[in-house]
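Reading through the structure tokens given below for one structure.
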Amino acid sequence: MENNLEFAKKLCEQNKLRWTSHIMMRILQRGISIYDVKTAILNGEIIEDYPNDYPYPSCLLIGKNFNGQFLHVVIGFGENELWLITAYKPSAEKWEMDLKTRKDEKI
């Protein structure tokens, strides 16, 4: 996962980003800025890996926005570009206190 993280940060720094219509709709709804998403990617860490996603392998990362608030960002690894799929503020209802571990949904 570390190589994917470094690759994601490199693509973000080079602004090789594909903003999907889905992420644009979601960040507008959730009051998250483009700058917040990019900042979270640049200081983030991968917490879940989805190597079999279609059309590209993807992952969930956690990072902090400019104000230090945690964001989750789902990114896909296209051919020399990063696909930005969605972004949201993780909730205590679905995530453990570390905001990296999903709560057991069977409870």
Q. Does a side-chain heavy-atom distance below 4.5 Å link L99 with E96?
A. no
Is any side-chain heavy atom of W83 closer than 4.5 Å to one of T20? yes
Flag the pair E81 and K16 as a salt bridge only when some basic side-chain nitrogen lies within less than 4.0 angstrom of an acidic carboxylate oxygen.
no
Problem - Short N-O contact, E93 and K103, less than 4.0 angstrom - result: no
Test your reading of the model: is there a side-chain donor-acceptor pair from D36 to the backbone of T39, 3.5 Å cut-off? no
Please tell me whether N15 and K38 have a donor and an acceptor in their side chains that are separated by less than 3.5 angstrom. yes
**Message:** With heavy-atom distances below 4.5 Å as the criterion, would you say the side chains of W95 and T101 are in contact?
**Reply:** no
- request: Say whether, by atom type as modelled, one donor and one acceptor occur between the side chain of N65 and the main chain of N67 under 3.5 angstrom.
  value: yes
All heavy atoms of W19 vs all of I27, minimum pair found to be CZ3-CD1, 4.4 Å
inquiry  = Are V73 and L60 packed together at the side-chain level, in the sense that at least one heavy-atom pair is separated by less than 4.5 angstrom?
reply    = no
Closest heavy-atom pair, I75 versus I85, reported as atoms and distance to 0.1 Å, is C-CD1, 3.9 Å
In terms of heavy-atom contacts, C12 and I41 come closest through CB-CG2, 3.9 Å
